[in-house]
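Here is the naming used below: chain letters follow the sequence lines, and residue numbers restart at 1 for every chain.
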Protein chains: 2
Amino acid sequence: MTKKIAVLAVNPVNGFGLFQYLESFFENGIPFKTFAVATTTHIQTNSGIRLQTDDVVANLKGHENEYGALVFACGDAMPKFSENAGSAENQDMLSVIKAFGSQGKLMVGHCAGALLFDIAGIANGKRVALHPFIKTAVKSAIGTDEQSVVDGNIYTAQTENTLCALMPQLLDALK
Amino acid sequence: MTKKIAVLAVNPVNGFGLFQYLESFFENGIPFKTFAVATTTHIQTNSGIRLQTDDVVANLKGHENEYGALVFACGDAMPKFSENAGSAENQDMLSVIKAFGSQGKLMVGHCAGALLFDIAGIANGKRVALHPFIKTAVKSAIGTDEQSVVDGNIYTAQTENTLCALMPQLLDALK
C-alpha cells in the first residue's frame with residue numbers, strides 16, 4: 001500500500017492509543033496524516049497534553065480517495081458521543097467513516113471505533129473487538145470479547161491496552 | 001505516594017512511550033508535571049506531532065524535592081545524545097537525574113533511560129533493562145536482556161514496546 005493513512009483523533013484523545021499507531025507507522029515508513037475530530041487542529045490528550053494535528057476532519061471530506069486506510073483513535077470524547085452526535089465534526093466523522101468503508105478501504109479502530117463503524121453501517125455482519133461496556137450496543141456488526149479481531153477490511157482492538165495484539169497484522173496489511 | 005511525578009520528555013520524544021506513562025497516571029489519579037528537555041515547551045514526537053509540555057527541564061532544577069519520582073521518556077533525540085551532551089538542557093537533565101537519584105527517589109525510564117541513570121551515577125550496582133544496542137555501554141549499573149527490571153528504586157524497561165511489562169509494578173509503587 002503506497003497511499004497515505006488518514007488518522008482521526010477525537011478531542012480529548014487517548015495519547016497511548018494514538019501514538020501506538022503513529023510511532024509504528026513512522027518507524028515502518030508508512031505515510032499518514034492526522035485529522036482532529038474538532039473545529040481546530042489544537043486538541044488535547046485525555047491526560048491533558050496539548051497537541052496539534054495536521055488538519056481537521058471537515059477537510060478530509062471529499063478527499064477520501066487520496067487515502068488507503070482510515071484509523072480511528074479513541075478518547076474521552078467518546079463517552080459523550082451520543083450527546084454530541086449532531087455536531088458538525090461528529091457528522092463529518094461519520095460521513096468520512098461511511099465513505100472510506102463504502103469504498104472497501106481498510107478500517108482500523110480501538111475501543112469505541114467498532115461502534116462508529118457499526119453506526120456508519122460499514123461493518124455489517126463483520127466480527128469486531130470493542131470496549132466491553134459497548135459490546136451489546138453494536139447492531140449490524142458482531143461484538144466479541146476478543147482482544148483484537150481482523151474480519152475482512154475491518155481491524156479492531158478492544159482498548160488501547162490490547163492494540164499491541166492488532167499491530168502486527170495491521171502493519172503487514174499496510175506495508 | 002502523594003507527591004507529583006516529574007516526567008522528562010526529550011525532543012523528539014517517542015509518543016508511544018510518553019503517553020503510556022501519562023495516560024496510565026491520569027487514569028490512576030496520579031498527579032504529574034511534564035518537562036521538555038529543551039529550551040521551549042514546544043516539542044515534537046518522533047512521528048512529527050507537535051505537543052506542548054508543562055515546563056522545561058531548567059525550571060525543574062532546584063525543585064526536585066517537590067516531586068516523588070522522576071520518569072524519563074526516551075525518543076529520537078537520544079541517538080545523538082553524545083554529540084549534544086554539553087547542551088544546557090542535557091546538562092540540566094543530568095543534574096536533575098542526579099538530584100532525584102541522590103535523594104533515593106523512584107527513578108523510571110525505558111530505552112536509553114538506564115544509560116542516563118548510569119552516567120549520572122545513581123544506579124551503581126543496580127540491575128537495569130535498556131535498549132539491546134546500549135547494553136554494554138552502562139558501566140556502574142548492570143545491563144540485562146530483560147524486558148523490564150525493578151531493582152530498589154530503579155524501574156526500567158527495554159523499550160517502549162516492553163513498557164507494558166513494567167507498568168503494573170510501577171503503578172503499585174506510585175499509588
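Residues that satisfy the side chain to side chain donor-acceptor pair (under 3.5 Å) test with A:H63, not counting sequence neighbours, are A:E66. By the side chain to side chain contact (heavy atoms under 4.5 Å, CB included) test, B:T40 pairs with B:H42, sequence neighbours left out.
Contact tally against chain B (heavy-atom pairs below 4.5 Å) for A:C164, A:S47, A:G17: the top residue is A:S47.
Considering CD of A:Q20 and CD of B:Q20, their distance stands at 7.0 Å, rounded to 0.5 Å.
Heavy atoms closer than 4.5 Å to chain A are found nowhere in B:Y21, neither backbone nor side chain. For A:V7, no part lies near chain B; criterion is any non-hydrogen pair under 4.5 Å. Only the side chain of B:E160 comes within less than 4.5 Å of a heavy atom of chain A; its backbone N, CA, C and O stay farther away. If you measure heavy-atom distances from A:E27 to chain B, the contacts under 4.5 Å come from the side chain alone. In this structure, no portion of A:F25 lies under 4.5 Å from any heavy atom of chain B.
One hydrophobic cluster, built from ILVMFWY side chains closer than 4.5 Å, cannot hold both B:I142 and B:L130; they sit in different ones. In this structure, B:V56 is not a member of the same hydrophobic cluster as B:I97, with clusters built from ILVMFWY side-chain heavy atoms closer than 4.5 Å. Cluster annotation: B:V149 is not connected to B:L170 through the hydrophobic network of ILVMFWY side chains, with a link wherever side-chain heavy atoms come within less than 4.5 Å. Under a hydrophobic-cluster definition in which Ile, Leu, Val, Met, Phe, Trp and Tyr are linked whenever side-chain heavy atoms come within less than 4.5 Å, directly or via other members, B:V150 and B:I5 are assigned to the same cluster.
Looking at every heavy atom in both residues, A:F19 comes nearest to B:F16 through CB-N, 3.5 Å. Of all the heavy atoms in B:N46 and A:E23, the pair that sits closest is CB-OE1, 3.1 Å.
Heavy atoms of other residues, nucleotides or ligands lying less than 6.0 angstrom from NZ of B:K33 number more than 12.
Looking only at side-chain heavy atoms (C-beta outward), B:T45 and A:L22 stay at 4.5 Å or farther from each other. At a threshold of 4.5 Å between non-hydrogen side-chain atoms, the residues A:F26 and B:D76 count as touching.
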